[in-house]
Trainee: 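Encoded as structure tokens, here's the structure I'll be asking about.
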Amino acid sequence: MIELKFGQRKVVNFRGARKVVGGLTEKNKIDILLYISKEFANADKEEELYDIVISLCKDIFECDNTTLRMWKDNLLVPSRFFKETIPPRRNLSQDEGYSGFTFKTRMPLLIQDLSHHVEYIDEGETTRAVMCVPIMYKEDCLGTIAVESDTEFFYREDDLEILEALGSQLALAITSVRLIQGLVQANEREAQILKQLEWDMRMGRNVQSQIVETVIAPWNGLHFGTYYEPMTEVSGDYFNVVRQGNSITAIIVDVSGHGIPAALVTMSIHYQFQRCTALGMGLSETMAELGESVRPQLPDGTYFTAFILKVYSDYTYSYVNAAHQKMLHYHNGTGRIEELDTQGVPLGIFEVERSNFEEKHGKILPGDILFLPTDGIVEQKNDQRQELGNQRFIEWIRQEKATIEEQRDKIYVSDLVGSLIGRFKRYKGDIRNGDDVSLLALQCNPELGKAKTLLSLAKSAAKAKKDQVAYDKALEVFSMDESLKDSLVLLGKMYYRDRNFEKSVQFLEKYLRTSGEESEHIHYLLGRAYYELDNIPEAKRALKRSLAIDHTYAKSSLRLARCYLKDNETPKAIKVLQQGIKSAPTNEYLKISLKKLEELVRRKTAEVGAEQRKEAV
């Protein structure tokens, strides 16, 4: 089994809070991700995969139990577990327990103390802390993995991230095994071997497709164009865009070499990049962390280059380059194309630190475009063995942009990327690609200036209670660009105020989805709007998310309790209010509501008792 170098984790009280000490180090996490891929690749039966999952969870998470449930005949059937429970496990519908909740929502779940969530467990269960993730293959959920501990607060968010990665790779492995088993029955051995090799490569491509999104939704007036073409089935190129509410962070990476080894490195880079952005690290710090966390796992002679770009809500940006291709900034006002670079070194060759990387800044204006390519474009040769080169590519940008602008003057970055790649293919002719080819481009909406002016007028009108003017201006902004955060929030709040909850939900949901911002207040408004629309399941989801962001947000506790009362789940409503008082002990509204509810329960209990005695007489 995998040799994890960690001591026994413990839960301790530290300054009044429960805290996990011990457990996984950052190096453990990278070892685990690579080991999971290796273990699953060696399994050729579905039952073997199940056994591997149970064994891995036991070693990685030091759990008291693990339950793997697969979806069969419209039920979640316990297919493997570490040990039997009391009461024994049973088949679950998608509306039962934490496994049912995870399967239905397709969302990972971390509960630190199940004693506060009795709706998720059967009577008599001893499990207290649980992580549960869906086993997702594209849009289909194959089942769930639940890792359970009898100790409260035993797991952390980074444990959940590892379990999510395990679930994703298990889904691909299960699908692969099922198809492979069909091939074994249908073909002769030689044909089976050939198809197996082809499938292995396709499976690797499927794994990469889970982490490299080629269709990226716009963010706050920034629109994206992408191209991604591996030289073989799998690629050593990688790009990603992470939304963080008031900023986005984009990265593009080129791993040396090709095929499966390079593709496995991109998987590690992906998870490390997600971790660094979630922790709020600076760009130079992120670059150094990527180099140091991935370097011990690189195959001999392998290294990678990277370019990281962060764009803020005011459209200023910062960037750091680790020996990657230069970023190109097309200035719409002047037609100038600026080549942007910083001092930096390749990653994975030697030890690096923050001081090895320089950070620079700029600003993107309406109509400006930023291009982040890999060297597979500019180093491509044609049939006369002439390299494309950076200057020729820059001239193409000017020419293709001018051609497209003759047809449209609004957002065209996706069309521009398509035109550039079409010209690239014509240039190389029948010559095969010499490398993986990737391009990420960001365009600032050319109408952003006009939109911001209209939005300012809408806000002023709303403040002056000139509602019709506010609606007209805000909706005009929305028609110009549906991704602008401030217009989405303004419309969501105005419709909420005017009790048009259906419209409010539309704009608040879009705001949360496109901005990447997590706000307890916005989730509360969304939950309240769903409540007024009598969509109690969605109301609960939004309110629980609000409390997950800020457990002291009393409004969400009060409204969630109302949701449970509407579903005739009074004990759960009382639990929510009790937990709310623990989190916000000075809130009088929570105390008054709990007192009224407990009094109501006592009165009803007394009335039922009186009726029973009367009937007995």
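Throughout, numbering of the chain's residues begins at 1 and tracks the sequence.
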Trainee: Is Arg398 paired with Glu395 through a side-chain N to carboxylate O contact shorter than 4.0 Å?
Mentor: yes
Trainee: Before you tell me yes or no, could you show the steps for Val352 and Phe357 under side chain to side chain contact (heavy atoms under 4.5 Å, CB included), namely the whole-Å CA-CA distance, both residues' side-chain angles and the distance that decides it to 0.1 Å?
Mentor: CA-CA 9 Å; Val352 294; Phe357 305 100; 4.1 Å; yes
Trainee: Side-chain contact, heavy-atom cut-off 4.5 Å: Val265 with Val294?
Mentor: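 Yes, their side chains come closer than 4.5 Å.
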Trainee: Quick check on side chain to side chain contact (heavy atoms under 4.5 Å, CB included): which of Asn321, Thr305, Asn356 does Val345 satisfy it with?
Mentor: Asn356
Trainee: Would you check if the side chain of Ser460 reaches a backbone N or O of Ser456 as a donor-acceptor pair within less than 3.5 Å?
Mentor: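 Looks like yes, one N/O pair under 3.5 Å.
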Trainee: Return yes if some donor-acceptor pair links the side-chain N/O of His324 with the main-chain N/O of Pro373 below 3.5 Å, else return no.
Mentor: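 Indeed, once roles are kept as given, a pair shorter than 3.5 Å links the two residues.
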Trainee: Is there a donor-acceptor contact under 3.5 Å from the side chain of Thr374 to the main chain of Ser438?
Mentor: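 A pair under 3.5 Å: yes.
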Trainee: Before giving the answer on side chain to side chain contact (heavy atoms under 4.5 Å, CB included), spell out for Phe273 and Tyr238 the whole-Å C-alpha distance, their side-chain angles and the decisive distance to 0.1 Å.
Mentor: CA-CA 11 Å; Phe273 176 65; Tyr238 163 75; 4.0 Å; yes
Trainee: Report yes or no: do Asn332 and Asp368 form a side-chain donor-acceptor pair below 3.5 Å?
Mentor: no
Trainee: Side-chain contact test, heavy atoms from C-beta onward, threshold under 4.5 Å: evaluate it for Lys425 versus Glu229 and give yes or no.
Mentor: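 Counting from C-beta outward, Lys425 and Glu229 do come under 4.5 Å.
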Trainee: Is the side chain of Lys310 donor-acceptor paired with the backbone N or O of Ser247 at a distance under 3.5 Å, no angle test?
Mentor: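 No, Lys310 side chain to Ser247 backbone: no donor-acceptor pair under 3.5 Å.
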Trainee: Identify the heavy atoms of Gly434 and Gln380 that sit nearest to each other, and give their distance.
Mentor: N-OE1, 2.9 Å
Trainee: So, Gln325 versus Glu339: side-chain donor-acceptor pair below 3.5 Å or not?
Mentor: no
Trainee: Do the side chains of Met327 and Leu309 get nearer than 4.5 Å, heavy atoms only?
Mentor: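 Counting from C-beta outward, Leu309 and Met327 do come under 4.5 Å.
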Trainee: Looking at Thr277, is its backbone amide N or carbonyl O close enough to the side chain of Gln244 to form a donor-acceptor pair, meaning the two atoms are under 3.5 Å apart?
Mentor: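 Such a contact is found between Gln244 side chain and Thr277 backbone.
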Trainee: Please evaluate residues Phe393 and Leu420 with respect to the criterion side chain to side chain contact (heavy atoms under 4.5 Å, CB included), reporting the C-alpha separation (whole Å), side-chain torsions for both, the decisive distance (0.1 Å), and the verdict.
Mentor: CA-CA 8 Å; Phe393 183 65; Leu420 289 169; 4.3 Å; yes
Trainee: Got a donor-acceptor contact below 3.5 angstrom from the Thr175 side chain to the Ala171 backbone?
Mentor: yes
Trainee: Using modelled atom types and a 3.5 Å cut-off, is there a donor and acceptor pairing between side-chain atoms of Gln443 and backbone atoms of Val413?
Mentor: yes
Trainee: Got a salt bridge between Arg545 and Glu518, using NZ or NE/NH1/NH2 to carboxylate O under 4.0 Å?
Mentor: yes
Trainee: Do Tyr412 and His223 have side chains that get closer than 4.5 Å, going by heavy atoms?
Mentor: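 No, side chains not in contact.
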Trainee: Run the salt-bridge test on Glu292 and Arg295 with the 4.0 Å N-O cut-off and return the result as yes or no.
Mentor: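 A salt bridge links Glu292 with Arg295.
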Trainee: Report the C-alpha distance between Glu353 and Ser355 in whole Å, list the side-chain angles of each, state the deciding distance to 0.1 Å, and finish with yes or no for side chain to side chain donor-acceptor pair (under 3.5 Å).
Mentor: CA-CA 6 Å; Glu353 55 188 26; Ser355 60; 2.9 Å; yes
Trainee: Between Thr266 and Val253, is any pair of side-chain heavy atoms under 4.5 Å apart?
Mentor: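 No - every pair of side-chain heavy atoms lies 4.5 Å or more apart.
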Trainee: When you measure from the side chain of Ser487 to the backbone N and O of Leu484, does any donor-acceptor pair fall under 3.5 Å?
Mentor: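 Present.
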Trainee: So, Lys326 versus Asn390: side-chain donor-acceptor pair below 3.5 Å or not?
Mentor: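 Lys326 vs Asn390: no donor-acceptor pair found between side chains.
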Trainee: Dump the intermediate steps for ring-ring contact (aromatic ring centres under 6.0 Å, His included) on Tyr427 and Trp396, then the final yes or no.
Mentor: CA-CA 11 Å; Tyr427 176 82; Trp396 283 6; 5.8 Å; yes
Trainee: Specify whether Tyr317 and Tyr319 have parallel, tilted or perpendicular ring planes, treating 30° as the upper limit for parallel and 60° as the lower limit for perpendicular.
Mentor: tilted
Trainee: Check for a donor-acceptor pair, side chain of Ser313 on one end and backbone N or O of Asn246 on the other, with a separation under 3.5 Å.
Mentor: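 Yes, the answer is positive, given that a donor and an acceptor are paired below the 3.5 Å cut-off.
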Trainee: Whether Arg275 and Glu161 form a salt bridge (side-chain N of Lys/Arg under 4.0 Å from carboxylate O of Asp/Glu) is what I want to check.
Mentor: no
Trainee: Could you tell me which non-hydrogen atom of Phe224 sits nearest to which non-hydrogen atom of Leu440, and how far apart they are?
Mentor: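 Closest heavy-atom pair between Phe224 and Leu440: CD2-CD1, 4.4 Å.
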Trainee: Kindly give the heavy-atom pair with the smallest separation between Leu508 and Leu526, and that separation in Å.
Mentor: CD1-N, 3.9 Å
Trainee: So do the side chains of Ile248 and Val242 get within less than 4.5 Å of each other, counting heavy atoms only?
Mentor: no
Trainee: Tell me, with the steps shown, if Asp383 and Asp430 meet side chain to side chain contact (heavy atoms under 4.5 Å, CB included).
Mentor: CA-CA 8 Å; Asp383 56 5; Asp430 295 330; over 6 Å; no
Trainee: Do Asn382 side-chain atoms and Gln386 backbone N/O form a donor-acceptor pair below 3.5 Å?
Mentor: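 Indeed, once roles are kept as given, a pair shorter than 3.5 Å links the two residues.
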Trainee: Taking all atoms of both residues into account, what is the closest heavy-atom pair of Leu49 and Phe40, and its distance?
Mentor: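 Where Leu49 meets Phe40 most closely, the heavy atoms are CD2-CD2, 3.7 Å.
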Trainee: Of all heavy-atom pairs between Leu370 and His329, which one has the smallest distance, and what is that distance?
Mentor: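 So the two residues come closest at CD2-CG, 3.5 Å.
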Trainee: If every non-hydrogen atom of Asp341 is compared with every non-hydrogen atom of Lys360, which pair is closest and at what distance?
Mentor: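 Where Asp341 meets Lys360 most closely, the heavy atoms are O-NZ, 3.2 Å.
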